[in-house]
Participant: 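One structure, as structure tokens, below. Some questions next.
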Amino acid sequence: MHGSALERPAYTVRLEVFEGPLDLLLHLIRREQVDIYDIPIARITQQYLDHLEGLGALDLDMASEFLVMAATLMDIKSRMLLPRASTPEVLDPSELVDPRRELVERLLEYSRYKEAARQLAELAEHSRKRHARFGGPGGPLPRPARPAAPPGAEPSEGKPPESLSVLVAALQRVLRELGDRPTTEVPREPVSVAEKIEELVRDLVAAGEHGLDFVGVLRRSRTRREAVVVFLALLELWRQGKVKVVQTGPFGPLRVWAAPDVQGWRWPSGA
Amino acid sequence: MDATAGTPEDDRVRPTGDGRAREWLMSALEALLLVAPEPLTTGQAAAVTGVEEEEVRVVLEALKQEYASRRSGLEVVEVAGGWRLVTRAEFDGLVTRLEPSRTVPPLSPAALETLAVVAYRQPLTRAEIEAVRGVRCEGVLATLVERGLVEEVGRREGPGRPILYGITRRFLEYFGLRELGDLPSLPETAEGRDERATGGNGAAPRAGS
């Protein structure tokens with residue numbers, strides 16, 4: 001049995017950094033030059049524990065993963081010590097399976113990806129040294145996912161909506177409402193985005209730190225056209241970092257705040 | 001106009017005659033490669049030049065050879081589904097001395113391991129990555145998403161609808177791969193000798209020890 005394997009004076013390799021318990025186990029198995037399909041579990045478990053002790057101050061997350069593995073090893077070790085069912089009547093299949101089997105499978109699986117990672121590192125070593133005029137591995141990402149936050153005006157809770165679609169959904173809701181209203185023909189009153197921006201800035205500044213409800217702002221519109229223009233005005237202000245849009249929780253209300261430097265700001269094009 | 005000219009509003013001066021047309025195309029493609037913000041696809045190049053995609057591909061190959069043969073400081077590479085004109089790797093030191101911001105920091109072992117799992121098993125959830133690596137991957141995954149090497153590709157139907165991750169075009173570029181199929185095949189285990197010997201799904205430990 002493996003349990004009787006000669007216990008070598010354990011030494012620990014403190015300097016090496018392991019990616020996790022599987023990595024450490026693989027290292028021990030290779031160092032001991034034992035057959036991964038026939039791991040001397042008592043010996044490896046002991047070395048694993050010695051090593052863990054050697055690591056000492058490990059960050060807590062990491063330590064817990066290493067400790068779970070230690071428990072697994074000890075569990076396997078104890079199951080290895082149990083006598084195998086000698087009579088064929090005992091047909092609990094779990095007793096016929098090598099207690100090490102699952103661990104070995106995980107180790108083999110992990111070792112493949114570890115090797116794949118090494119191959120990737122080689123590829124990257126070459127390609128990251130080639131520079132394109134624009135972009136390329138070292139280039140900036142196409143564009144940040146969110147507009148830069150305006151200085152100050154930090155709302156107390158919530159975070160920016162996940163995507164534009166949240167805002168578009170808000171617009172669609174209001175458009176549906178407006179669509180159902182009976183309409184009468186009146187001469188078209190032209191509303192420009194620039195005018196709406198001015199109006200919004202005024203209202204948002206007046207609202208101060210309370211901000212305004214995004215849907216509420218859209219709802220003030222009398223026509224679909226106006227709602228769309230207000231929406232565009234809000235988007236423009238958002239893009240320019242003049243307002244902050246925040247959603248409190250999934251499907252929560254959308255709120256708009258004015259940035260501190262928004263007062264008196266006008267749409268540059270003035271169109 | 002040569003026979004392959006496509007767009008009617010074509011105002012480019014394109015010489016006729018086989019040799020000269022080809023020379024023109026090679027120069028044109030070189031110009032496009034210089035300014036392309038992303039890998040230039042043969043489709044894009046064909047659309048812009050009005051030349052058949054097949055011809056574009058042939059001439060891009062020729063251009064690549066041409067750069068290689070004259071030992072230029074630049075080379076033409078096929079990457080992430082397109083073509084790029086890049087500085088040769090041996091000049092990385094000089095390039096980054098001139099422009100330190102161009103230094104591409106190497107990925108950590110944790111990042112490489114995570115990328116390997118995602119690349120070969122995508123789409124998959126964080127829990128599945130963690131099962132392979134045996135460690136939590138939340139932080140490293142967030143970093144990879146931020147660097148644009150991994151992205152959310154959907155949700156797995158089922159409890160909690162966990163996010164599925166996959167690799168990006170930028171991943172291909174980062175590793176200098178034309179397409180996902182160019183990834184080296186997933187290695188056999190280093191201990192694969194027994195796996196082969198026993199046939200079957202070799203991950204099973206030998207019975208009866």
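Bear in mind that the values here come from a model prediction, so they are computed numbers and not experimental data. Letters A, B, ... mirror the listed sequences (proteins, then strands); counts begin at 1.
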Participant: Answer yes or no: is there a donor N or O on one side and an acceptor on the other, between the side chain of Thr87(B) and the main chain of Arg130(A), under 3.5 Å?
Facilitator: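 No, because the side chain of Thr87(B) does not come within donor-acceptor range (under 3.5 Å) of the backbone of Arg130(A).
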Participant: What is the minimum heavy-atom distance between Tyr120(B) and Ala116(A), and which atoms define it?
Facilitator: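 For Tyr120(B) versus Ala116(A), the nearest heavy atoms are CE1-CB, 3.7 Å.
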Participant: Determine whether more than 12 heavy atoms belonging to other residues, nucleotides or ligands lie under 6.0 Å from atom CZ of Arg97(B).
Facilitator: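 It does not: Arg97(B) CZ has 12 such atoms or fewer within range.
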Participant: Side chains of Arg118(A) and Leu112(B), heavy atoms from C-beta outward: is any pair under 4.5 Å?
Facilitator: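 No, every pair of side-chain atoms sits at 4.5 Å or beyond.
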Participant: I'd like to know if the side chain of Arg112(A) and the backbone of Pro187(B) have a donor-acceptor N/O pair within less than 3.5 Å.
Facilitator: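 At least one qualifying donor-acceptor pair exists.
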Participant: What part of Ala36(B) lies closer than 4.5 angstrom to a heavy atom of chain A: side chain, backbone, both or neither?
Facilitator: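 The backbone, not the side chain.
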Participant: Report which part of Val95(B) has an atom under 4.5 Å of a heavy atom belonging to chain A: side chain, backbone, both, or neither.
Facilitator: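 The answer is the side chain of Val95(B).
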Participant: Relative to chain A, which segment of Glu75(B) carries a heavy atom at a distance below 4.5 Å: side chain, backbone, both, or neither?
Facilitator: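 Side chain only.
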Participant: Which atoms form the tightest heavy-atom contact between Ala124(A) and Tyr174(B), and what is the distance?
Facilitator: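 So the minimum-distance heavy-atom pair works out to CB-CE2, 3.5 Å.
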Participant: Given heavy-atom pairs under 4.5 angstrom as the criterion, report whether the side chain, backbone, both or neither of Leu22(A) touches chain B.
Facilitator: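 Answer is side chain: those atoms of Leu22(A) sit under 4.5 Å from chain B.
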Participant: Counting only heavy atoms closer than 4.5 Å, note whether Gln119(A) contacts chain B via side chain, backbone, both or neither.
Facilitator: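 Side chain only.
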Participant: If you compare all heavy atoms of Val135(B) against all heavy atoms of Pro21(A), which two are closest, and at what distance to 0.1 Å?
Facilitator: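 Shortest heavy-atom contact: CG1-CD, 3.8 Å.
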Participant: Glu113(B) vs Tyr110(A), test: side chain to side chain contact (heavy atoms under 4.5 Å, CB included). Steps then yes/no.
Facilitator: CA-CA 9 Å; Glu113(B) 258 185 45; Tyr110(A) 172 72; 2.6 Å; yes
Participant: Sort Leu74(B) into side chain, backbone, both or neither according to what part of it lies under 4.5 angstrom from a heavy atom of chain A.
Facilitator: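 Interface part for Leu74(B): neither.
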Participant: For Arg71(B), I'd like to know if atom CZ has over 12 heavy atoms of other residues, nucleotides or ligands within 6.0 Å.
Facilitator: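 Not buried by this count: 12 neighbours or fewer within 6.0 Å.
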Participant: State the OG1-CZ distance between Thr96(B) and Arg128(A), to the nearest 0.5 angstrom.
Facilitator: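 Reported to 0.5 Å precision, the distance equals 9.5 Å.
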Participant: Using the salt bridge (charged side-chain N to carboxylate O under 4.0 Å, His left out) rule, take Glu109(A) and Arg121(B) through it: C-alpha gap first, then chi angles, then the decisive distance, then the call.
Facilitator: CA-CA 12 Å; Glu109(A) 174 94 335; Arg121(B) 302 256 300 244; 2.4 Å; yes
Participant: Which bit of Arg133(B) comes within less than 4.5 Å of chain A, counting heavy atoms only: side chain, backbone, both or neither?
Facilitator: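 The answer is both parts of Arg133(B).
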Participant: Of the non-hydrogen atoms in Pro184(B) and Leu123(A), which two are nearest, and what is the gap between them?
Facilitator: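 Nearest heavy atoms, Pro184(B) then Leu123(A): CD-CD1, 4.0 Å.
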Participant: Decide side chain to side chain contact (heavy atoms under 4.5 Å, CB included) for Val35(B) and Arg133(A); before the verdict, give the C-alpha distance in whole Å, the side-chain angles of both, and the deciding distance to 0.1 Å.
Facilitator: CA-CA 7 Å; Val35(B) 298; Arg133(A) 178 74 191 87; over 6 Å; no
Participant: Select one option (side chain, backbone, both, neither) describing which atoms of Leu33(B) are under 4.5 Å from chain A's heavy atoms.
Facilitator: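 Looking at Leu33(B), nothing touches chain A.
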Participant: Out of Ser185(B), Pro106(B), Ala131(B), Pro109(B), which one racks up the most heavy-atom pairs below 4.5 Å with chain A?
Facilitator: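 Going by pairs under 4.5 Å, I would pick Pro106(B).
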Participant: Side chain to side chain contact (heavy atoms under 4.5 Å, CB included) for Leu120(A) and Phe171(B)? Distances and angles first, verdict last.
Facilitator: CA-CA 10 Å; Leu120(A) 284 182; Phe171(B) 169 96; 4.1 Å; yes
Participant: Highest number of heavy-atom pairs under 4.5 Å with chain B: which of Glu115(A), Lys114(A), Met69(A)?
Facilitator: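 The option with the most such pairs is Glu115(A).
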Participant: In terms of heavy-atom pairs under 4.5 Å with chain A, which of Val77(B), Thr114(B), Leu107(B) leads?
Facilitator: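 Sorted descending by pairs with chain A, the first entry is Val77(B).
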Participant: Nearest heavy-atom pair of His126(A) and Ala89(B): which atoms, and what distance?
Facilitator: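 The pair with the smallest heavy-atom distance is CE1-CB, 3.6 Å.
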